[in-house]
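Labels below follow one simple rule: chain letters A, B, ... track the order of the sequence lines, proteins then strands, and each chain is numbered from 1.
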Amino acid sequence: MRQEPGQLSHPFDVDLGQARALQERLAGAVRAAGDPRPFRTIAGADSSCGRGDRDVFAAIVVFSWPDLAPVEESWARVPVPMPYVPGYLSFREGPGLLRAWEGLRHHPDLVLFDGQGIAHPRRLGIAAHMGVLLEVPSIGVAKSVLCGTHAPVGPRRGARADLVHRGEVVGCVLRSRDGVRPLVVSPGHLVGLEAAIEIVLDAGRGFRLPEPTRAADALVGRARREGWETGGRMMERGGGPG
DNA sequence: GCGACAG
DNA sequence: ATCTTGTCGC
């Protein structure tokens with residue numbers, strides 16, 4: 001986590017003790033309530049890094065809403081800040097995501113992050129952290145639980161169970177498609193749990209993960225495999241011939 | 001002290 | 001997350 005010469009200083013460049021203190025402080029700024037709808041664009045954000053890799057790749061893909069047509073995508077390649085430590089994911093993935101965010105021509109109205117929102121030991125998972133930092137409504141969409149417990153979830157799409165941690169409902173475990181393993185959805189910044197759940201379900205197109213998340217995952221994977229440098233592009237305008 | 005533990 | 005072949009199912 002030591003800052004390298006020439007590397008831009010950012011609020012993630014701290015040791016674990018400072019990181020924890022920062023989380024406890026920033027958690028107080030999170031507003032896990034409200035409904036951003038109606039909004040015009042929604043984005044998926046993800047990052048990728050192989051074991052032993054020197055760089056971590058991040059990507060953000062913006063879609064129009066509610067038609068989910070791709071609008072713009074941005075990716076970044078930055079040095080790995082620190083190893084993965086449960087509870088401190090944003091300090092590993094944040095720098096790259098911040099860089100990708102800065103590369104966007106137009107910032108989205110809402111972002112889906114791959115990880116927890118407030119369903120975190122200190123209520124500051126990556127979605128909540130980035131939401132506050134970027135001042136954008138955000139939702140955490142994780143593939144597994146970090147903390148908290150829940151009742152069994154029904155087998156059909158839409159079935160859900162509250163995720164409870166230390167007596168607080170911090171999110172929910174949501175079956176996004178029939179039969180698939182449930183997603184863990186929790187509010188990030190400026191979005192309440194109910195709105196978060198409805199948005200995640202509406203952002204799906206037949207797969208377990210929401211489309212923006214799948215697109216970001218696909219992009220970051222390609223960027224890493226092909227060794228792309230930081231960049232971005234606008235997508236084709238809708239309409240086409242006719 | 002022991003087990004759990006987003007990506 | 002990543003490493004990995006085949007394989008079961010729609």
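Separation of atoms OG (A:S90) and CG (A:L124) is listed at 6.0 Å; rounding is to 0.5 Å.
The closest donor-acceptor contact from the side chain of A:R175 to the backbone of A:G154 lies under 3.5 Å.
Among the heavy atoms of the strands lying under 4.0 Å from A:Y88 is at least one base atom, whether or not backbone atoms are also near. Residue A:R224 is in sugar-phosphate contact alone, with no base atom involved, counting any heavy-atom pair closer than 4.0 Å across all strands shown. Among the atoms of the strands shown, base atoms are found under 4.0 Å from some heavy atom of A:Q116. Contact annotation for A:V145: backbone-only contact, meaning every heavy-atom pair under 4.0 Å involves sugar-phosphate atoms and none involves a base.
The local environment of CZ in A:R157 is crowded, with over 12 non-hydrogen atoms from other residues, nucleotides or ligands closer than 6.0 Å.
Membership of the apolar cluster around A:V80 extends to A:V56, A:V78, as traced through chained side-chain contacts below 4.5 Å between ILVMFWY residues. Counting side-chain heavy-atom gaps under 4.5 Å among Ile, Leu, Val, Met, Phe, Trp and Tyr, the cluster of A:V220 also holds A:F57.
Taking the centre of each ring, A:H129 and A:F91 come in below the 6.0 Å mark.
At least one side-chain heavy atom of A:I139 sits under 4.5 Å from a side-chain heavy atom of A:L110.
Across every non-hydrogen atom of A:A161 and A:H150, the tightest pair is CB-CB, 4.4 Å. Smallest separation of non-hydrogen atoms from A:I42 and A:P108: C-CB, 4.4 Å.
Using a 4.0 Å cutoff on non-hydrogen atoms, the parts of residues 45-59 of chain A near DNA chain C are A:S48, A:C49, A:G50, ordered by number.
Nucleotide C:dA1 holds its P atom 15 Å from the CG atom of A:L219, rounded to whole Å.
In this structure A:A119 satisfies the side-chain contact (heavy atoms from CB on, under 4.5 Å) test together with A:Q116, A:L163, A:V170, A:S186, sequence neighbours excluded.
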Using Watson-Crick and G-U wobble pairs whose two distances are both under 3.5 Å, how do you write the pairing of DNA chain B as dot-bracket, with | for links to another strand? .......

How is the base pairing of DNA chain C summarised as a dot-bracket string, given the Watson-Crick and G-U wobble criteria with both distances under 3.5 Å, [ ] for crossing and | for another strand? ..........

Short N/O separations, protein against nucleotides 4-10 of chain C, under 3.5 angstrom:
none

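Comment: A:R40 does not engage A:D109 in a salt bridge, judged by the lack of any side-chain N to carboxylate O separation of less than 4.0 angstrom.
Along DNA chain B, read 5' to 3', the first and last nucleotides having any atom under 4.0 Å from a heavy atom of chain A are B:dC5 to B:dG7.
For the side chain to side chain donor-acceptor pair (under 3.5 Å) condition, the pairs that include at least one residue of residues 60-72 of chain A, sequence neighbours left out, are A:S64-A:D67. Sorted by first and then second residue, the side chain to side chain donor-acceptor pair (under 3.5 Å) pairs with a member in residues 212-224 of chain A read A:S48-A:R224, A:D53-A:R224, A:E211-A:R214, A:R222-A:E226; sequence neighbours excluded. Sorted by first then second residue, the side chain to side chain donor-acceptor pair (under 3.5 Å) pairs that include residues 92-101 of chain A, not counting sequence neighbours, are A:S47-A:E93, A:W101-A:H107. Identified under the side chain to side chain donor-acceptor pair (under 3.5 Å) test for residues 192-205 of chain A, with sequence neighbours left out: A:R37-A:E198, A:R160-A:E194.
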